[in-house]
**Student:** 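Supplied in structure tokens, the structure appears directly below.
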Amino acid sequence: MTAGGYQSLDEELKRLKSVERPNVIAAISEARSHGDLSENAEYHAAKERQGWIEGRIAEIEDKISRAQVIDVSKLSGAQVKFGATVTVVDEDTEEEGRYQLVGEHEADVKEGRVSITSPIARAMIGKETGDVVEVNTPGGVKAYEILKVEWR
């Protein structure tokens with residue numbers, strides 16, 4: 001994962017432990033004080049939220065413990081690989097796009113970050129500026145020319 005991805009996971013973990021967990025514990029205590037728990041919707045909702053929070057904390061801690069953090073700014077080279085920011089042009093529409101190849105949990109297409117396991121990323125791995133890659137998309141095969149490979 002990239003350093004940015006690690007930092008966002010770490011921030012989410014801290015927020016869950018320091019804000020969300022205490023809030024849900026307070027909500028459970030408040031709901032308990034209302035009496036009969038068997039028909040107490042607030043109590044059941046708070047317990048369900050607590051389960052989700054604890055599950056998410058465990059998931060993030062697992063990811064962080066197994067993470068291999070890569071500082072993309074220290075990478076270089078002409079070939080596309082993990083962490084590269086690649087500028088491509090669609091050969092049919094002449095539309096340009098810029099994508100950074102990141103870990104699965106960091107992917108956000110709206111932000112220009114695509115998962116290393118996505119079809120477009122798999123097609124670009126190992127290619128260089130000037131190469132054309134073909135990607136199978138739901139709308140058919142698309143061809144992209146790699147214009148630039150950057151490391152940021």
**Student:** Could you state the interatomic distance from CE (Met1) to CZ (Arg66), rounded to the nearest 0.5 Å?
**Tutor:**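 That separation rounds to 9.0 Å.
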**Student:** For Lys142 and Asp90, run side chain to side chain contact (heavy atoms under 4.5 Å, CB included): C-alpha distance rounded to whole Å, both residues' side-chain angles, the deciding distance at 0.1 Å, then the answer.
**Tutor:** CA-CA 7 Å; Lys142 288 214 162 260; Asp90 185 320; 3.0 Å; yes
**Student:** Could you pull out all residues at least two apart from Arg32 that satisfy side-chain contact (heavy atoms from CB on, under 4.5 Å)?
**Tutor:**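 Scan of Arg32 (side-chain contact (heavy atoms from CB on, under 4.5 Å), adjacent residues dropped) gives Ile28, Leu37, Tyr43.
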**Student:** Treating Asn23 as the side-chain partner and Val19 as the backbone partner, does any N or O pair qualify as donor plus acceptor under 3.5 Å?
**Tutor:**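 Yes, the answer is positive, given that a donor and an acceptor are paired below the 3.5 Å cut-off.
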**Student:** Are Val86 and Val89 grouped together when hydrophobic residues (ILVMFWY) are joined by side-chain heavy atoms under 4.5 angstrom apart?
**Tutor:**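 No: no chain of side-chain contacts under 4.5 Å links Val86 to Val89.
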**Student:** Does Glu145 come within less than 4.0 Å of Lys127, counting only side-chain N to carboxylate O?
**Tutor:**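 Looking at Lys127 together with Glu145, the answer is no, because their closest N to O distance does not fall below 4.0 Å.
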**Student:** State, yes or no, whether a side-chain contact exists between Val133 and Ile146 at a heavy-atom distance under 4.5 Å.
**Tutor:**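 They are in side-chain contact.
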**Student:** Any side-chain donor-acceptor pair under 3.5 Å between Gln50 and Glu54?
**Tutor:**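 Looking only at side-chain atoms, Glu54 and Gln50 do not form any donor-acceptor pair under 3.5 Å.
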**Student:** Could you give all pairs that pass the salt bridge (Lys or Arg N to Asp or Glu O under 4.0 Å) test and reach residues 91-119, with sequence neighbours left out?
**Tutor:**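 Qualifying pairs: Arg98-Glu150.
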**Student:** Salt bridge or not for Arg15 and Glu20, using N-O below 4.0 Å?
**Tutor:**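 Result for this pair is yes, salt bridge flagged.
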**Student:** Does Glu11 pair with Lys14 as a salt bridge, N-O distance under 4.0 Å?
**Tutor:**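 No, no charged N to carboxylate O under 4.0 Å.
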**Student:** What closest approach, in Å, do Val149 and Ala84 show between heavy atoms, and which atom pair accounts for it?
**Tutor:**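 The answer is CG1-CB, 4.1 Å.
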**Student:** Can you find a pair of side-chain heavy atoms, one from Lys17 and one from Glu61, that are under 4.5 Å apart?
**Tutor:**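 Yes. Closest side-chain heavy atoms under 4.5 Å.
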**Student:** Under 4.5 Å between side-chain heavy atoms, counting indirect links through other Ile/Leu/Val/Met/Phe/Trp/Tyr residues: same cluster for Val132 and Val88 or not?
**Tutor:**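 No, because Val132 and Val88 fall into different hydrophobic clusters, even though each may have its own neighbours under 4.5 Å.
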**Student:** Count I, L, V, M, F, W, Y as connected when their side-chain heavy atoms are under 4.5 Å apart, and connections chain through other members. Are Val135 and Met124 then in the same cluster?
**Tutor:**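 Yes, same cluster.
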**Student:** I'd like to know if Trp151 and Ile125 are part of one continuous hydrophobic network [Ile/Leu/Val/Met/Phe/Trp/Tyr, side-chain heavy atoms within less than 4.5 Å].
**Tutor:**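 They do share one cluster, since a chain of ILVMFWY contacts under 4.5 Å joins Ile125 to Trp151.
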**Student:** Does some side-chain heavy atom of Ile70 sit less than 4.5 Å from a side-chain heavy atom of Thr2?
**Tutor:**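 Side chain of Thr2 against side chain of Ile70, heavy atoms only: no contact under 4.5 Å found.
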**Student:** Residues two or more places apart in sequence or in another chain: which of them pass salt bridge (charged side-chain N to carboxylate O under 4.0 Å, His left out) with Asp131?
**Tutor:**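 Result, salt bridge (charged side-chain N to carboxylate O under 4.0 Å, His left out) vs Asp131: none returned.
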**Student:** What's the verdict on side chain to side chain contact (heavy atoms under 4.5 Å, CB included) for Val102 and Ile116, showing C-alpha distance, side-chain angles and the deciding distance?
**Tutor:** CA-CA 6 Å; Val102 296; Ile116 193 76; over 6 Å; no
**Student:** Side chains of Thr85 and Tyr99, heavy atoms from C-beta outward: is any pair under 4.5 Å?
**Tutor:**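 Side-chain contact under 4.5 Å: no.
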**Student:** Please round to the nearest 0.5 Å and tell me the distance separating atom CD1 of Ile25 and atom CD1 of Ile53.
**Tutor:**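 Ile25 CD1 to Ile53 CD1: 9.0 Å, rounded to 0.5 Å.
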**Student:** Counting C-beta onward and ignoring hydrogens, is there a side-chain heavy-atom pair between Val80 and Glu128 closer than 4.5 Å?
**Tutor:**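 Sidechains of Glu128 and Val80: no contact.
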**Student:** Looking at CD1 of Ile64 and CG of Leu13, how far apart are the two atoms once the value is rounded to the nearest 0.5 Å?
**Tutor:**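 Reported to 0.5 Å precision, the distance equals 5.0 Å.
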**Student:** To check you understand the geometry: which heavy-atom pair defines the closest contact between Pro119 and Asn136, and what is its length?
**Tutor:**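 Smallest heavy-atom distance, with atoms named: CB-O, 4.2 Å.
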**Student:** How far apart are the C-alpha atoms of Leu101 and Lys81, what are their side-chain angles, what is the distance that settles it, and do they pass the side chain to side chain contact (heavy atoms under 4.5 Å, CB included) test?
**Tutor:** CA-CA 7 Å; Leu101 280 57; Lys81 53 190 167 197; over 6 Å; no
**Student:** Do you know the tightest heavy-atom contact between Ala107 and Ser115?
**Tutor:**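 Here Ala107 and Ser115 meet closest at CB-N, 3.6 Å.
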**Student:** In this structure, would Phe82 and Val109 fall into the same cluster of hydrophobic residues linked by side-chain contacts under 4.5 Å?
**Tutor:**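 Yes, it is one cluster - the side chains of Phe82 and Val109 are joined through contacts under 4.5 Å.
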**Student:** So do His105 and Lys63 actually touch side chain to side chain, heavy atoms under 4.5 Å?
**Tutor:**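 Yes. Closest side-chain heavy atoms under 4.5 Å.
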